[in-house]
Amino acid sequence: MYLMSTATRGDLAWVAEPASHIYLAVFIIDMVSFPVVMLYLFGDFIGISTDPLYIFAVLLAVIEVSLVLASLTSFKKISEILHRPKIWHNVRNGAFSHVAGNVSFLLFLVSAKTASKDIFSFYRFLSSLPPDWSSLPPERLNKFSRILDLYGQVLLVDLLIILLLILVFLVFAYFMEKFYKVAFEELGEATGIEEFKQAAHWHGKWLSTVAYLYTSFALRRLSVASRSTSTTPMHPAPPPPPPVFVSVAFLVLPDGSRVELRGDAVLGRSW
C-alpha cells in the first residue's frame with residue numbers, strides 16, 4: 001500500500017466502507033434479477049402474470065445503476081488518495097457502460113416479450129386454420145395469405161430489433177468489463193489487496209456478479225487495513241536532530257563525588 005499519514009489512512013477507510021456496502025447490495029440485486037428476468041420471459045407458458053415482474057425488473061435495474069453511480073464518489077476519493085487518476089477514469093467509464101448496458105437490456109426484455117406474444121399469437125392463428133386449405137374459398141385463402149404475410153413481417157421486425165439490442169448490450173458489456181478490469185488490476189497493484197485482483201479476473205471472464213462480490217470484499221479489506229490503531233505514520237519518520245554537546249566543568253572532591261560548576265566559579269584552598 002502507498003505510504004501515507006495516519007490522517008490519510010483514515011480518509012481512505014472512511015470512503016472505502018460505504019463503497020463496500022454498495023457493491024454488496026449490487027451483488028444481491030444481480031442475484032435476484034436473474035430469476036425475475038427468467039420468470040418474466042417464460043412466465044406466460046406456466047400461467048404466471050408477467051407484467052408485475054417487468055416492473056420489478058425495472059425497479060431492480062434502477063436501484064442497481066443508482067448504487068453504481070453513487071459509488072463513483074468513493075472511487076474518485078480513493079483514486080486521489082492513491083495518486084492514481086486512471087483508477088477513477090476507468091471506474092467512471094465502466095459505470096457509465098454499466099448504466100447503458102442495463103438500459104439496453106431492459107429494452108431487450110420488452111422486445112423479447114413482444115416477440116414471444118407475437119409468436120404465440122401466430123401459433124394460435126395457425127391452429128385455427130382448417131387442415132385442408134385447398135377446400136377454402138378463394139376469398140378466405142387470400143385473407144389467410146395476407147395475415148401470414150403480416151405475421152411474417154412483424155416477426156422479422158421483432159427479430160431484427162432483438163438482434164440489434166443484443167449487439168448493443170454486448171458492446172456496452174464489453175466496455176464495462178474492460179474498464180472495470182483495468183481499474184481493479186491497478187487498485188490491486190496499488191493496495192496489495194488480492195480481492196481487487198480477483199474482481200479484475202472475474203470481470204475479464206464476463207462474470208460481473210462474482211466480480212461485484214469480490215469488489216465488496218476488497219473494499220472492506222481496504223477499509224479495515226486503513227484503520228490502524230498506531231499513531232505512527234506509515235511514511236518513514238524524519239531523522240532526529242543531531243545532538244548538541246555543551247562543555248561542562250566539574251570539581252572532583254576527595255571522596256570521588258563531583259560538583260558541577262555553573263556560571264562564574266572561583267577555586268581556592270578553603271571549602
Side-chain angles (χ1 to χ4, degrees), residues 1-34 63-99 101-102 170 172-237:
M1 188 182 294
Y2 267 51
L3 300 180
M4 58 190 71
S5 66
T6 304
T8 306
R9 291 204 315 274
D11 291 340
L12 191 59
W14 184 80
V15 297
E17 179 72 19
S20 171
H21 298 318
I22 286 175
Y23 268 86
L24 182 59
V26 171
F27 165 75
I28 294 173
I29 291 173
D30 245 31
M31 292 293 291
V32 174
S33 296
F34 180 76
I63 295 174
E64 180 176 324
V65 298
S66 299
L67 290 172
V68 169
L69 293 177
S71 71
L72 291 181
T73 304
S74 296
F75 278 108
K76 185 177 183 180
K77 185 65 176 178
I78 291 171
S79 178
E80 291 173 352
I81 293 173
L82 297 177
H83 305 291
R84 296 284 188 102
K86 288 185 177 179
I87 294 175
W88 152 245
H89 294 311
N90 284 313
V91 171
R92 178 196 60 192
N93 294 336
F96 290 161
S97 300
H98 190 162
V99 173
N102 273 24
L170 290 177
F172 282 121
Y174 168 77
F175 282 110
M176 181 188 77
E177 305 296 350
K178 179 181 178 181
F179 286 127
Y180 277 155
K181 184 174 185 293
V182 174
F184 291 127
E185 281 178 347
E186 190 166 359
L187 270 168
E189 175 189 342
T191 61
I193 294 177
E194 186 64 26
E195 283 80 359
F196 278 128
K197 299 176 183 178
Q198 289 295 327
H201 169 76
W202 289 110
H203 273 303
K205 298 292 184 181
W206 284 52
L207 290 174
S208 297
T209 304
V210 181
Y212 298 150
L213 183 61
Y214 274 106
T215 303
S216 176
F217 290 160
L219 290 166
R220 176 63 180 167
R221 280 201 59 188
L222 180 62
S223 176
V224 172
S226 301
R227 288 195 181 97
S228 175
T229 56
S230 172
T231 58
T232 305
M234 294 179 67
H235 58 72

How far does [atom1] of [X] sit from [atom2] of [Y], to the nearest 0.5 angstrom?
{"X": "Ser74", "Y": "Leu219", "atom1": "OG", "atom2": "CG", "result": "8.0 Å"}
{"X": "Asn102", "Y": "His98", "atom1": "CG", "atom2": "NE2", "result": "4.5 Å"}
{"X": "Phe96", "Y": "Leu69", "atom1": "CZ", "atom2": "CG", "result": "6.5 Å"}
{"X": "Leu12", "Y": "Leu222", "atom1": "CG", "atom2": "CG", "result": "4.5 Å"}
{"X": "Phe217", "Y": "Glu194", "atom1": "CZ", "atom2": "CD", "result": "14.0 Å"}
{"X": "Leu82", "Y": "Ile87", "atom1": "CG", "atom2": "CD1", "result": "5.5 Å"}

*Would you mind listing every side chain to side chain donor-acceptor pair (under 3.5 Å) that reaches into residues 195-207, with sequence neighbours excluded?*
Glu177-His203, Glu195-Arg221
Using residues 15-26 as the side-chain source, report each donor-acceptor pair under 3.5 Å to any protein atom, sequence neighbours left out, with the distance given to one decimal.
| unit_1 | atom_1 | unit_2 | atom_2 | d |
| --- | --- | --- | --- | --- |
| Glu17 | OE1 | Arg220 | NH1 | 2.6 |
| Glu17 | OE1 | Ser223 | OG | 3.1 |
| Glu17 | OE2 | His21 | NE2 | 3.0 |
| Glu17 | OE2 | Arg220 | NH1 | 2.8 |
| Ser20 | OG | Ser216 | O | 3.0 |

*Closest non-hydrogen atom pair between Thr191 and Phe196, with its separation*: OG1-CD1, 3.5 Å
*Partner set under side-chain contact (heavy atoms from CB on, under 4.5 Å) for Thr209, not counting sequence neighbours*: Phe27, Asp30, Met31
_List the residues meeting side-chain contact (heavy atoms from CB on, under 4.5 Å) with Phe175, not counting sequence neighbours, and say none if there are none._
Ser97, Val171, Phe179
List, one per line, each side-chain donor-acceptor pair under 3.5 Å for residues 181-188, sequence neighbours excluded.
| unit_1 | atom_1 | unit_2 | atom_2 | d |
| --- | --- | --- | --- | --- |
| Lys181 | NZ | Glu185 | OE2 | 2.7 |
| Glu186 | OE2 | Arg84 | NH1 | 3.3 |

*Mind checking whether Leu67 and Ile29 have side chains closer than 4.5 Å, heavy atoms only?*
yes
*Can you check whether Phe75's main-chain N or O pairs, donor with acceptor, with Ser79's side chain at less than 3.5 Å?*
no
